[in-house]
Amino acid sequence: PIRNYYMSRRIGPDSTGFQFYVWDAEFTLDRGTKASITEVNSDGPGIVYQLLKNSEAFRVQFSDRVQQHFSEGGAYYVDSENADYDPENPQDNVPATLYLDVANEVASPIVAESARWGDERGRNGPVFTRDDEWMPLINFNLGTFFPNRSRDFLADLRRNDLYRDAPAFSVPGGSIESGQSVQLTAGSGVVYYTLDGTDPRNPDGSISATAILGNALVIEQRTTLRARSLDGNEWSAIDVAEYFTDTVPAAATNLRISE
(Lines give C-alpha, C1' and ligand atoms only; values in the text may rest on other atoms or scores of the structure.)
Protein backbone atom coordinates (compact mmCIF):
# COMPACT_ATOMS: atom_id res chain seq x y z
CA PRO A 1 0.00 0.00 0.00
CA ILE A 2 2.88 2.43 0.83
CA ARG A 3 1.38 5.95 0.62
CA ASN A 4 -1.55 5.17 -1.66
CA TYR A 5 -3.72 3.92 1.16
CA TYR A 6 -4.52 5.80 4.35
CA MET A 7 -6.84 5.14 7.24
CA SER A 8 -7.94 7.35 10.11
CA ARG A 9 -10.37 7.43 12.98
CA ARG A 10 -11.75 9.99 15.37
CA ILE A 11 -10.31 9.69 18.87
CA GLY A 12 -12.78 9.33 21.72
CA PRO A 13 -16.17 7.77 22.43
CA ASP A 14 -17.80 9.35 19.36
CA SER A 15 -15.55 7.44 16.97
CA THR A 16 -17.36 5.45 14.28
CA GLY A 17 -14.27 3.36 13.56
CA PHE A 18 -11.57 3.59 10.93
CA GLN A 19 -12.26 5.20 7.56
CA PHE A 20 -10.17 4.03 4.60
CA TYR A 21 -8.85 6.12 1.71
CA VAL A 22 -7.36 4.43 -1.36
CA TRP A 23 -6.05 5.83 -4.63
CA ASP A 24 -3.85 4.69 -7.53
CA ALA A 25 -4.82 1.09 -6.78
CA GLU A 26 -6.06 0.25 -10.28
CA PHE A 27 -3.11 -2.10 -10.77
CA THR A 28 -5.16 -4.65 -8.84
CA LEU A 29 -7.53 -4.80 -11.83
CA ASP A 30 -5.32 -4.27 -14.89
CA ARG A 31 -3.88 -7.78 -15.10
CA GLY A 32 -1.46 -6.89 -12.30
CA THR A 33 0.66 -9.46 -10.51
CA LYS A 34 -0.63 -8.62 -7.02
CA ALA A 35 -2.89 -11.65 -6.96
CA SER A 36 -2.22 -13.01 -3.47
CA ILE A 37 -2.78 -11.51 -0.06
CA THR A 38 0.75 -12.68 0.78
CA GLU A 39 2.00 -9.85 -1.45
CA VAL A 40 0.74 -7.17 0.93
CA ASN A 41 3.98 -5.56 2.00
CA SER A 42 5.07 -3.95 5.25
CA ASP A 43 4.83 -0.33 4.12
CA GLY A 44 2.25 2.19 5.23
CA PRO A 45 -0.99 0.59 6.51
CA GLY A 46 0.47 -2.77 5.51
CA ILE A 47 2.46 -2.61 8.74
CA VAL A 48 -0.78 -2.95 10.71
CA TYR A 49 -1.88 -5.94 8.66
CA GLN A 50 1.44 -7.74 9.11
CA LEU A 51 0.98 -7.48 12.88
CA LEU A 52 -2.72 -8.30 12.98
CA LYS A 53 -2.51 -11.44 10.86
CA ASN A 54 -0.73 -13.17 13.75
CA SER A 55 -3.81 -12.69 15.95
CA GLU A 56 -6.35 -15.51 16.12
CA ALA A 57 -9.10 -12.99 16.94
CA PHE A 58 -8.21 -11.02 13.79
CA ARG A 59 -8.34 -14.14 11.64
CA VAL A 60 -11.81 -14.97 12.95
CA GLN A 61 -13.09 -11.45 12.34
CA PHE A 62 -11.47 -11.42 8.89
CA SER A 63 -13.23 -14.72 8.13
CA ASP A 64 -16.52 -13.18 9.22
CA ARG A 65 -16.12 -10.29 6.78
CA VAL A 66 -15.20 -12.65 3.96
CA GLN A 67 -18.27 -14.79 4.69
CA GLN A 68 -20.46 -11.69 4.64
CA HIS A 69 -19.15 -10.13 1.45
CA PHE A 70 -18.53 -13.24 -0.65
CA SER A 71 -21.86 -14.91 0.15
CA GLU A 72 -25.09 -14.23 -1.71
CA GLY A 73 -26.09 -10.63 -1.12
CA GLY A 74 -22.47 -9.53 -0.59
CA ALA A 75 -20.44 -7.09 -2.68
CA TYR A 76 -18.09 -9.83 -3.96
CA TYR A 77 -20.65 -12.57 -4.54
CA VAL A 78 -20.30 -14.55 -7.76
CA ASP A 79 -22.60 -17.46 -8.54
CA SER A 80 -20.21 -20.34 -9.16
CA GLU A 81 -22.67 -21.92 -11.61
CA ASN A 82 -23.11 -18.69 -13.59
CA ALA A 83 -19.86 -16.80 -13.08
CA ASP A 84 -19.73 -15.08 -16.49
CA TYR A 85 -20.97 -11.52 -16.43
CA ASP A 86 -24.45 -11.30 -17.94
CA PRO A 87 -26.17 -7.90 -18.08
CA GLU A 88 -29.52 -9.72 -18.01
CA ASN A 89 -28.60 -11.32 -14.67
CA PRO A 90 -26.40 -8.82 -12.84
CA GLN A 91 -26.98 -10.55 -9.50
CA ASP A 92 -24.87 -13.51 -10.65
CA ASN A 93 -21.65 -11.49 -10.67
CA VAL A 94 -21.98 -8.56 -8.29
CA PRO A 95 -18.40 -7.17 -8.46
CA ALA A 96 -18.51 -7.09 -12.27
CA THR A 97 -21.84 -5.27 -12.12
CA LEU A 98 -20.53 -2.67 -9.68
CA TYR A 99 -17.36 -2.27 -11.74
CA LEU A 100 -19.32 -1.65 -14.93
CA ASP A 101 -21.51 0.92 -13.17
CA VAL A 102 -18.41 2.91 -12.25
CA ALA A 103 -16.88 2.46 -15.70
CA ASN A 104 -20.03 3.80 -17.35
CA GLU A 105 -20.03 6.76 -15.00
CA VAL A 106 -16.50 7.80 -15.98
CA ALA A 107 -16.62 6.78 -19.66
CA SER A 108 -16.86 10.40 -20.81
CA PRO A 109 -14.48 11.99 -18.25
CA ILE A 110 -11.83 9.37 -19.12
CA VAL A 111 -11.38 11.15 -22.46
CA ALA A 112 -10.14 14.26 -20.67
CA GLU A 113 -8.05 12.08 -18.35
CA SER A 114 -6.38 10.41 -21.32
CA ALA A 115 -5.64 13.84 -22.80
CA ARG A 116 -3.92 14.75 -19.54
CA TRP A 117 -2.00 11.51 -18.86
CA GLY A 118 -2.20 9.52 -22.10
CA ASP A 119 1.25 10.57 -23.30
CA GLU A 120 3.00 10.43 -19.93
CA ARG A 121 5.70 8.13 -21.32
CA GLY A 122 7.12 10.84 -23.49
CA ARG A 123 7.03 11.97 -27.09
CA ASN A 124 8.23 8.62 -28.42
CA GLY A 125 6.19 6.45 -26.07
CA PRO A 126 2.71 4.97 -26.55
CA VAL A 127 -0.33 7.22 -26.33
CA PHE A 128 -3.15 5.79 -24.20
CA THR A 129 -6.70 6.58 -25.32
CA ARG A 130 -10.12 5.50 -24.13
CA ASP A 131 -11.14 3.44 -27.15
CA ASP A 132 -7.76 1.83 -27.87
CA GLU A 133 -6.54 1.09 -24.34
CA TRP A 134 -9.21 1.67 -21.72
CA MET A 135 -12.21 -0.05 -23.30
CA PRO A 136 -10.34 -3.28 -24.17
CA LEU A 137 -9.21 -3.46 -20.54
CA ILE A 138 -12.77 -2.94 -19.29
CA ASN A 139 -13.93 -5.78 -21.54
CA PHE A 140 -11.08 -8.02 -20.41
CA ASN A 141 -11.96 -7.49 -16.76
CA LEU A 142 -15.65 -8.19 -17.36
CA GLY A 143 -14.98 -11.28 -19.45
CA THR A 144 -11.94 -12.79 -17.75
CA PHE A 145 -10.97 -11.16 -14.47
CA PHE A 146 -14.25 -10.94 -12.55
CA PRO A 147 -15.66 -14.40 -13.44
CA ASN A 148 -12.64 -15.99 -11.72
CA ARG A 149 -11.37 -13.48 -9.19
CA SER A 150 -13.76 -14.13 -6.28
CA ARG A 151 -13.18 -17.88 -6.56
CA ASP A 152 -9.39 -17.49 -6.76
CA PHE A 153 -9.23 -14.97 -3.93
CA LEU A 154 -11.26 -17.21 -1.63
CA ALA A 155 -8.87 -20.08 -2.36
CA ASP A 156 -5.94 -17.79 -1.55
CA LEU A 157 -7.51 -16.74 1.75
CA ARG A 158 -8.12 -20.38 2.69
CA ARG A 159 -4.48 -21.26 1.97
CA ASN A 160 -3.36 -18.44 4.24
CA ASP A 161 -5.83 -19.28 7.04
CA LEU A 162 -7.67 -16.00 6.63
CA TYR A 163 -10.96 -17.62 5.69
CA ARG A 164 -12.46 -20.63 7.45
CA ASP A 165 -15.69 -21.74 5.84
CA ALA A 166 -18.79 -21.27 7.97
CA PRO A 167 -21.22 -24.16 8.49
CA ALA A 168 -23.64 -24.68 5.62
CA PHE A 169 -27.40 -24.47 6.24
CA SER A 170 -29.62 -26.97 4.42
CA VAL A 171 -32.37 -24.33 4.17
CA PRO A 172 -31.52 -20.71 3.30
CA GLY A 173 -32.94 -17.90 5.37
CA GLY A 174 -36.38 -16.58 4.53
CA SER A 175 -39.90 -17.94 4.72
CA ILE A 176 -40.12 -21.47 6.14
CA GLU A 177 -42.88 -23.78 7.30
CA SER A 178 -43.23 -24.15 11.05
CA GLY A 179 -41.75 -27.45 12.15
CA GLN A 180 -39.24 -27.70 9.30
CA SER A 181 -35.79 -29.03 10.14
CA VAL A 182 -32.54 -27.24 9.24
CA GLN A 183 -29.31 -29.24 9.00
CA LEU A 184 -25.97 -27.62 9.84
CA THR A 185 -22.91 -29.06 8.11
CA ALA A 186 -19.29 -28.18 8.88
CA GLY A 187 -16.22 -29.10 6.88
CA SER A 188 -14.40 -29.94 10.11
CA GLY A 189 -14.95 -29.75 13.85
CA VAL A 190 -18.29 -29.43 15.63
CA VAL A 191 -21.05 -26.86 15.18
CA TYR A 192 -22.23 -24.39 17.80
CA TYR A 193 -25.24 -22.18 17.13
CA THR A 194 -27.45 -19.65 18.88
CA LEU A 195 -31.08 -18.66 18.41
CA ASP A 196 -31.10 -15.36 20.28
CA GLY A 197 -28.94 -13.28 17.94
CA THR A 198 -25.74 -13.67 19.96
CA ASP A 199 -22.42 -15.06 18.75
CA PRO A 200 -21.59 -18.67 19.72
CA ARG A 201 -18.02 -17.47 20.27
CA ASN A 202 -17.10 -15.11 23.11
CA PRO A 203 -14.66 -12.27 22.30
CA ASP A 204 -11.89 -14.15 24.13
CA GLY A 205 -12.42 -17.23 21.95
CA SER A 206 -14.29 -19.33 24.51
CA ILE A 207 -17.69 -20.92 23.90
CA SER A 208 -20.61 -18.64 24.72
CA ALA A 209 -23.00 -19.65 27.46
CA THR A 210 -25.85 -19.24 24.95
CA ALA A 211 -24.26 -21.57 22.36
CA ILE A 212 -25.92 -24.88 21.54
CA LEU A 213 -23.92 -27.86 20.30
CA GLY A 214 -25.62 -29.66 17.43
CA ASN A 215 -26.05 -30.29 13.72
CA ALA A 216 -29.81 -29.86 13.35
CA LEU A 217 -32.71 -27.87 14.71
CA VAL A 218 -36.42 -27.42 14.10
CA ILE A 219 -37.76 -23.97 13.25
CA GLU A 220 -41.14 -23.31 14.86
CA GLN A 221 -41.23 -19.52 15.00
CA ARG A 222 -39.35 -16.50 13.76
CA THR A 223 -35.71 -17.34 14.43
CA THR A 224 -32.29 -15.78 13.94
CA LEU A 225 -29.78 -18.58 13.52
CA ARG A 226 -26.07 -17.84 13.96
CA ALA A 227 -23.59 -20.70 13.66
CA ARG A 228 -19.86 -21.40 13.72
CA SER A 229 -17.81 -24.57 13.73
CA LEU A 230 -15.02 -25.17 16.24
CA ASP A 231 -12.08 -27.36 15.27
CA GLY A 232 -9.69 -27.66 18.19
CA ASN A 233 -9.12 -24.04 19.19
CA GLU A 234 -9.96 -22.56 15.80
CA TRP A 235 -13.34 -21.02 15.06
CA SER A 236 -14.80 -20.78 11.58
CA ALA A 237 -16.50 -17.77 10.09
CA ILE A 238 -20.02 -17.12 11.31
CA ASP A 239 -23.06 -17.63 9.12
CA VAL A 240 -26.40 -16.01 9.82
CA ALA A 241 -29.91 -16.77 8.60
CA GLU A 242 -33.25 -15.34 9.67
CA TYR A 243 -36.30 -17.57 9.29
CA PHE A 244 -39.93 -16.44 9.16
CA THR A 245 -42.86 -18.79 9.78
CA ASP A 246 -46.53 -18.39 8.84
CA THR A 247 -45.79 -15.56 6.44
CA VAL A 248 -48.30 -14.41 3.86
CA PRO A 249 -46.75 -13.66 0.44
CA ALA A 250 -47.34 -10.18 -0.94
CA ALA A 251 -50.00 -10.03 -3.63
CA ALA A 252 -52.18 -7.45 -5.33
CA THR A 253 -54.92 -8.11 -2.80
CA ASN A 254 -52.86 -7.41 0.34
CA LEU A 255 -50.04 -5.07 -0.73
CA ARG A 256 -50.33 -1.34 -0.15
CA ILE A 257 -47.74 1.28 -1.12
CA SER A 258 -47.86 4.85 0.15
CA GLU A 259 -45.61 7.90 -0.13
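Contact annotation: the side chain of R59 approaches that of L162 to within less than 4.5 Å [non-hydrogen atoms, C-beta and beyond]. With a 4.5 Å cut-off on side-chain heavy atoms, V78 and P95 count as touching. Considering only heavy atoms from C-beta on, R10 stays 4.5 Å or farther from T16 through its side chain. Taking 4.5 Å as the limit, some side-chain heavy atom of F62 sits within range of a side-chain heavy atom of L157.
More than 12 heavy atoms of other residues, nucleotides or ligands shown are found within 6.0 angstrom of CD on E242. At most 12 heavy atoms of other shown residues, nucleotides or ligands fall within 6.0 angstrom of atom CD1 in I11. Atom CZ of R158 is surrounded by more than 12 heavy atoms from other residues, nucleotides or ligands within 6.0 Å.
With no hydrogens or angles considered, no side-chain donor-acceptor pair links T245 and S178 at under 3.5 Å. In the model, T129 has no side-chain atom that pairs as donor or acceptor with a side-chain atom of D131 under 3.5 Å. No side-chain donor from either of T223 and Q221 sits under 3.5 Å from a side-chain acceptor of the other. No hydrogens or angles considered: nothing links the side chains of D92 and N89 as a donor-acceptor pair under 3.5 Å.
When the side chain to side chain donor-acceptor pair (under 3.5 Å) test is applied to Y193, no partner is found at least two apart in sequence or on another chain.
Residues V94, L98 make up the rest of the hydrophobic cluster containing Y77, defined by ILVMFWY side-chain heavy atoms closer than 4.5 Å, directly or through other members.
Listed by first and then second residue, the side-chain hydrogen bond (donor to acceptor under 3.5 Å, both in side chains) pairs involving residues 93-106 are Y99-N141 (not counting sequence neighbours).
Under a cutoff of 6.0 Å and an axis angle of 45°, R9 and F18 form a cation-pi pair.
The heavy-atom pair separating F128 from S114 by the smallest distance is O-CB, 3.5 Å.
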